[in-house]
Peer 1: 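One structure follows; several queries about it will come next.
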Amino acid sequence: MTKIPSILILILTITLFLFQLAHGSTLQVFHTLGPQKAVSWERTVLDQQAKDQARVALLLSSSLAVGRKSVVPIASGRQIIQSPTYIVRANLGSPPQTLLVAVDTSNDAAWVPCAGCVGCSSSTIFDPSKSSSFNNITCADPMCKQVPNPTCDGSACTFNLTYGGSSFASNLVQDTLALATDSVPGYTLGCIQKATGSSLPPQGLLGLGRGPLSLLSQTQSLYQSTFSYCLPSFKSLNFSGSLRLGPAGQPVRIKYTPLLKNPRRPSLYYVNLVGIKVGRRVVDIPPTAFTFNATTGAGTIFDSGTVFTRLVEPAYIALRDEFRRRVGPNLTVTSLGGFDTCYTVPIVVPTLTFMFSGMNVTLPQDNFLIRSSAGSTTCLAMAATPNNVNSVLNVIANLQQQNHRVLYDVPNSRLGISRELCTK
Ligand SMILES: *[C@@H]1O[C@H](CO)[C@@H](O)[C@H](O)[C@H]1NC(C)=O
Ligand SMILES: *[C@@H]1O[C@H](CO)[C@@H](O)[C@H](O)[C@H]1NC(C)=O
Ligand SMILES: *[C@@H]1O[C@H](CO)[C@@H](O)[C@H](O)[C@H]1NC(C)=O
Ligand SMILES: *[C@@H]1O[C@H](CO)[C@@H](O)[C@H](O)[C@H]1NC(C)=O
Ligand SMILES: *[C@@H]1O[C@H](CO)[C@@H](O)[C@H](O)[C@H]1NC(C)=O
Ligand SMILES: *[C@@H]1O[C@H](CO)[C@@H](O)[C@H](O)[C@H]1NC(C)=O
């Protein structure tokens, strides 16, 4: 690799512009990528694969812990590292302190590094002593029961959480959170006192999941559990996307599929994936690969934090085999990291369609292929879910969602998708 590729840069710096539309709130994001942050394409792919694998395991373990009140580490022994892919600007406190927080549709609580934190990596942290609207939440407060496994430190409500390979100890606090031009007084969030590991989003996280303590739960009257985003492509060095909060201003012409709720994993956004087409052919995949199951947590979710789509093994293998057959059975297939379907010669690419209940989504090539900048290597950018006892979850990841508007309409139990170019 002589040239730094424009695709798949591992570390993204996203700057957020704020403005209010006539109806609804829109958070505008654009990324600026410094060349010094670029690493080789191959390295990046390998790194991201490792992270995704860990994240899928994490989605499973953290969710499974809900019913049992204990964390079941599925990826034990594996190197788990995590870094945020998409971040937005949030203002916390009075006067506002600005933080670039990761947005994550598969987590509920928000948390930020707080002044005096031991082990936090960022120099940008939240200082409660400089905020006149800050409050500690006491152990007696009903809010304290909303966090997983709360403990009492004196009268203070505290909790510990694992995220990626990191964990942290946090106080539960309240302060004014401002997104775009909206202000949410008394937002409940974690104020991190101690962190271990290097995989926490450095300036914190804003949970967009559907469980207690999430942005949706705390802004019911303001945003009515409705939001959408357009994630910009990794390909452009200068690109912008948006997170749109509230039912107003959402697209009208958009295809919908029902949103499903899984009591086993109450934070996650499940949909009903029913099939996959390669070209016009519906791939022969056993229906059980997609079956939603509230007992095991099996099914398909949309996730903003995983980069590459993961399908349960029988589904992935059937899809991959059909893709290879269509591309050309006699072409040499190579592998790269966790991707097993790569070509080093130019190929004719078939279309790929995800069939959800009531909604077919045909993906542009950029949503399912990754190419080196010189065009010498092309890979199918999906993989099988890590093979373990919980390999039951299909994850529609953010590479597959980029340059689409994805609308989460919880009151009407539906998820919408329409094509939208948000890459400049
Ligand atoms: C919150 O609790 C910390 C100790 O954990 C204390 O130093 C601080 O003064 C408290 N702040 C308020 C506003 O009560
Ligand atoms: C939470 O983390 C802190 C700091 O690492 C530790 O001292 C404490 O024992 C942990 N609490 C629980 C309940 O695990
Ligand atoms: C990036 O986009 C911004 C905003 O649209 C623009 O002002 C700037 O000139 C662009 N930079 C490059 C290098 O294209
Ligand atoms: C869900 O999975 C459990 C455990 O494997 C199984 O017993 C049950 O029949 C499944 N339910 C459905 C609706 O498939
Ligand atoms: C692929 O290779 C086989 C055996 O070498 C040959 O019979 C067949 O015609 C080839 N197919 C294509 C599409 O080139
Ligand atoms: C999706 O595609 C399948 C197979 O081509 C077709 O049978 C089905 O009607 C389509 N569904 C919608 C909602 O367009």
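Counting starts at 1 for both ligands and their atoms, in listed order. Values in this document were obtained by computation on a predicted structure and should not be read as measured data. For reference, positions follow the sequence shown, starting with 1.
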Peer 1: Does the SG-to-SG distance between Cys157 and Cys152 fall under 2.5 Å?
Peer 2: no
Peer 1: For Cys117 and Cys114, is the interatomic SG distance under 2.5 angstrom?
Peer 2: no
Peer 1: Only heavy atoms of Gly358, strictly under 4.0 Å: list the atoms of ligand 6 that pass.
Peer 2: 13 (C)
Peer 1: Looking just at side-chain N and O atoms, do Thr158 and Asp153 make a donor-acceptor pair shorter than 3.5 Å?
Peer 2: no
Peer 1: Please state which part of Asn171 comes within less than 4.0 Å of ligand 1, counting heavy atoms only: side chain, backbone, both or neither.
Peer 2: side chain
Peer 1: Output yes when a side-chain donor or acceptor of Lys194 lies under 3.5 Å from a complementary backbone atom of Gly119, and no otherwise.
Peer 2: no
Peer 1: Is the closest heavy atom of Arg280 to ligand 6 under 4.0 Å?
Peer 2: no
Peer 1: To the nearest 0.5 Å, what is the distance between OG1 on Thr341 and CG on Leu380?
Peer 2: 5.5 Å
Peer 1: Is the side chain of Asn394 donor-acceptor paired with the backbone N or O of Ala289 at a distance under 3.5 Å, no angle test?
Peer 2: yes
Peer 1: Would you say Asn136 and ligand 1 have an N/O pair spaced under 3.5 Å apart?
Peer 2: yes
Peer 1: Classify the side-chain pair Ser304/Asn398 by whether it contains a donor and acceptor separated by less than 3.5 Å.
Peer 2: no
Peer 1: With no hydrogens and no angle check, is any side-chain donor or acceptor of Gln401 less than 3.5 Å from a backbone partner on Leu231?
Peer 2: no
Peer 1: Measure and list all N/O to N/O distances between ligand 2 and the protein that fall under 3.5 angstrom.
Peer 2:
residue, atom, partner, partner atom, Å
ligand 2, 2 (O), Asn160, OD1, 3.4
ligand 2, 2 (O), Asn160, ND2, 2.5
ligand 2, 11 (N), Asn160, ND2, 2.8
ligand 2, 14 (O), Asn160, ND2, 3.3

